[in-house]
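Chain letters run A, B, ... following the sequence lines, proteins first, then strands; residues in each count from 1.
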Amino acid sequence: MPNKPSYYITTPIYYPSDNLHIGHAYTTVAADCIARYKRMQGYRVFYLTGTDEHGQKIEKSAGANKQAPIDYVNKIVDNIKALWVTMHISNDDFIRTTEARHEEVVKKVFNKIFEKGDIYISEYEGWYCTPCETFFTKRQLHEGKCPDCGREVELLKEESYFFNMAKYAPRLLEHIDKNPDFIQPESRRNEILNFIKGGLEDLCVSRTTFSWGIPVPFNEKHVIYVWFDALINYLSAIGYGSDEEKFEFWPADVHLMAKDIIRFHAIIWPTMLMALDLPLPKKVCAHGWIMLEDGKMSKSKGNVVDPVILTNKYGVDAVRYFLLKELSFGQDGNYSEDMLVSRINSDLANDLGNLISRTVAMIERYFQGLVPSLGTILDIDKELEKVAGIAYDEAALFLEKLDFANYLNAVQRLVARANKYIDENEPWRLAKDEQENSRLGTVLYYLVASIKTAVILLSPAMPTLIERTNEQLAVFASIKDIKWEDAFPWGSDISGVKVKKAQALFPRIDNSAQETQEKMDQQAEKKEKQAKKAEQQTSEEENSYISMEDFAKVDLRVARVISCEKMEKADKLLILKVDVGGEERTVVSGIAKHYEPENLVGKKVVLVANLKPAKLRGTLSQGMILAASDENELEVLTIQSGLDAGTRIK
RNA sequence: CGCGGGAUGGAGCAGUUGGUAGCUCGUCGGGCUCAUAACCCGAAGGUUGCCGGUUCAAGUCCGGCUCCCGCAACCA
């Protein structure tokens with residue numbers, strides 16, 4: 001076996017505090033497309049993804065669910081793995097930072113850098129909020145108070161380990177300077193350069209305020225900082241320090257990610273590698289975000305797009321195609337279901353799907369379902385072949401640059417040219433003339449050849465396309481191990497291949513049908529959610545009840561709004577003064593988006609009177625006003641009758 | 001002056017080292033009938049957010065301004 005060149009590509013390891021959304025799917029699909037392409041090119045590919053499972057956030061979420069962190073995380077990781085299966089992600093490994101193989105390497109790395117002297121123990125100085133058990137930097141504070149609870153903070157010193165990152169800054173700068181492709185796209189590169197030039201500080205790489213993490217090997221009081229832990233996955237997955245043969249994949253060819261975590265990958269990670277005396281990854285590439293019509297996707301907005309639902313509805317190939325085609329890779333891009341539908345209809349249904357459909361239909365009708373043989377080749381045929389060759393070259397060129405939109409565009413031009421070729425040759429006219437039979441055969445042969453090329457070139461983006469095409473147009477003797485160079489030049493004889501018309505490859509999505517479909521899906525979704533909720537409730541039944549005593553702890557009162565004004569420099573907050581039966585209270589409420597201040601004055605609202613006071617952007621809020629809300633609407637509970645302010649509610 | 005991104009025909013976007021604007025969708029007109037009401041041809045439509053500068057020449061470089069958006073902070 002000849003020594004095949006290796007190719008190592010990674011996605012970030014995702015944080016399993018919740019199920020993943022379409023943005024994660026985007027990164028993973030993009031990396032998958034490259035991985036598949038490189039395999040077709042004959043590379044020995046290692047495609048890695050996984051999960052980053054430590055940290056305070058996970059510990060807290062798990063605690064809130066009354067679960068051990070590992071149990072909490074296991075469930076979500078299962079969902080993530082299932083998602084990658086439905087999206088046909090071809091990862092070669094899936095690493096979890098809670099696995100022993102990873103923990104060992106992290107400890108080894110920590111030790112090694114420590115022994116080298118680049119990790120040292122010192123004192124971390126910061127403002128500590130005791131109730132919140134959290135350190136803050138001076139910048140994070142709000143008017144000198146805790147940004148979380150508004151209480152006083154104290155300047156505390158805590159023993160911590162630091163990584164001597166600043167030491168490597170000059171070397172890193174030089175490396176970025178000499179390797180223009182190291183950080184991509186260029187706008188990110190400039191951002192990173194500026195950031196480093198602004199000065200790097202040593203990085204605090206251990207924590208003592210929580211325990212869900214990998215302990216510092218020689219000091220169990222400390223837990224290793226999550227990012228330090230997480231980044232090492234790129235080494236631990238390929239057997240750093242244990243499997244020399246596998247470790248030959250290092251250095252990674254590409255670390256792919258969304259733009260928000262570029263700093264970790266372009267600054268912290270390279271300096272860690274320098275400390276380990278390992279070569280740096282060849283490329284660190286950040287793509288943009290997927291924006292929705294109403295802004296960035298977020299859980300609190302309730303507008304998260306679930307890739308599972310989309311894939312079930314439109315098919316893996318279509319969804320993957322859309323993601324790669326519609327978004328300009330380095331830039332943020334928009335998403336809406338309408339955009340997805342129109343992309344599928346125009347590119348996949350009208351052009352590609354229909355091209356295959358009309359070709360197959362003609363072969364069935366004119367040649368009894370067998371691809372005819374070649375006759376005399378005319379200039380117009382050669383031109384089509386030339387276009388196929390261009391598509392072949394350009395597709396590879398753009399894929400190398402991670403320019404997915406232009407890659408797919410290049411193939412689309414071949415598909416369009418083939419459709420035009422049909423019109424130019426008018427096979428239906430040729431079919432009426434015995435004499436033209438050979439010519440007709442040539443035209444159809446060329447169409448099949450073009451389709452074969454297009455389908456191969458598209459297969460990294462659309463992993464089930466070859467198989468599905470082959471059901472109608474059996475041009476692939478085996479659908480396994482198709483090579484990139486099988487696409488072009490046109491060599492292998494395809495005449496005599498059987499053809500069988502079947503269901504449309506990419507059915508057109510008709511709007512009215514789609515709407516009804518959507519409604520049905522939404523209903524199904526709702527039912528599913530309800531079922532899930534019910535299930536959860538039964539499983540957590542014992543924990544989910546509170547006693548009457550517990551409820552009585554909540555002191556609910558009728559409160560009359562005396563005055564109300566918007567808080568300055570805060571778009572969501574209103575400051576209300578309320579009368580609670582003789583006592584006046586100030587309450588800050590996040591309802592500014594839904595209520596004009598003057599409309600609330602005089603209203604009687606429901607106040608949680610014994611809630612722990614908290615400072616919000618500097619103003620002390622003594623209580624909470626009850627309101628019902630979903631993503632769109634919010635209504636404050638009011639008392640209509642003549643009941644007095646201060647009346648107890650129970 | 002917290003950090004960053006953007007402003008290009010109706011919509012969504014491209015525009016490499018500066019040389020009188022491209023793509024997809026949509027619209028309008030025509031053609032064809034093999035096909036998934038698809039396909040093919042043609043047309044209309046932009047003073048490239050505003051102002052100034054550099055230059056023989058700027059969407060592309062420089063300075064200023066306006067407006068959007070994301071992050072951060074605030075939903076007790």
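Closest contact between the side chain of A:Glu326 and the listed nucleotides B:G12, B:C34, B:U36 involves B:G12. Among B:C34, B:G12, B:C39, the nucleotide with an atom closest to any side-chain atom of A:Met362 is B:C34. For A:Asn350, taking side-chain heavy atoms from C-beta onward, the closest of the listed nucleotides B:C39, B:C41, B:U36 is B:C39. In the set B:C34, B:C39, B:C71, the nucleotide with an atom closest to the side chain of A:Trp428 is B:C34. Distance from the side chain of A:Tyr366 is smallest for B:C34 among the nucleotides B:G4, B:C34, B:U36. The listed nucleotides are B:C34, B:U36, B:C3; the one nearest the side chain of A:Arg263 is B:C3.
With a cut-off of 3.5 Å on both pairing distances, the Watson-Crick or G-U wobble partner of B:C39 is B:G31. Under the Watson-Crick and G-U wobble criteria, each requiring two contacts below 3.5 Å, nucleotide B:C74 is left unpaired. Nucleotide B:G22 forms a Watson-Crick or G-U wobble pair with B:C13, both donor-acceptor distances falling under 3.5 Å. Applying the Watson-Crick and G-U wobble criteria (two distances, each under 3.5 Å), B:U66 pairs with B:A7.
Checking A:Asn419 against A:Arg358 by side-chain atom types alone, a donor-acceptor pair falls below 3.5 Å. Side chains of A:Tyr366 and A:Asn437: a donor-acceptor N/O pair is absent below 3.5 angstrom, by distance only.
Nucleic acid contact class of A:Lys432 (heavy atoms, under 4.0 Å, all strands): none. A:Leu505 comes within contact range of at least one nucleobase, with a heavy-atom separation under 4.0 Å. The residue A:Ser342 sits apart from the nucleic acid: no heavy atom pair falls under 4.0 Å. Counting non-hydrogen atoms under 4.0 angstrom, A:Ala361 reaches the backbone sugars and phosphates but no base. Among the heavy atoms of the strands lying under 4.0 Å from A:Pro507 is at least one base atom, whether or not backbone atoms are also near. At the heavy-atom level, A:Asp347 lies nowhere under 4.0 Å from the strands shown. Among the atoms of the strands shown, base atoms are found under 4.0 Å from some heavy atom of A:Asn354.
Between A:Val284 and the choices A:Ile262, A:Asp181, A:Leu256, the side chain to side chain contact (heavy atoms under 4.5 Å, CB included) rule is met once, by A:Ile262.
By the neighbour-count criterion of 12 heavy atoms within 6.0 Å, atom CZ of A:Arg189 is densely surrounded, having more than that number from other residues, nucleotides or ligands.
Of the two residues contacting RNA chain B, namely A:Asn345 and A:Gly353, the nearest-nucleotide position lying further toward the 5' end is that of A:Gly353. When each of A:Arg343 and A:Met624 is assigned the nucleotide of RNA chain B bearing its nearest heavy atom, the one mapping closer to the 5' terminus is A:Arg343.
The distance between atom CZ of A:Arg413 and atom C1' of B:C23, rounded to the nearest whole Å, is 9 Å. Atom pair A:Ile196:CD1 and B:C3:P shows a separation of 18 Å (rounding to whole Å applied). A straight line from CG of A:Asp423 to P of B:G42 spans 12 Å, rounded to a whole angstrom. Atom CD1 of A:Ile344 and atom C1' of B:C25 are 15 Å apart (whole Å).
No donor-acceptor contact under 3.5 Å links the side chain of A:Asp260 to the base of B:G70.
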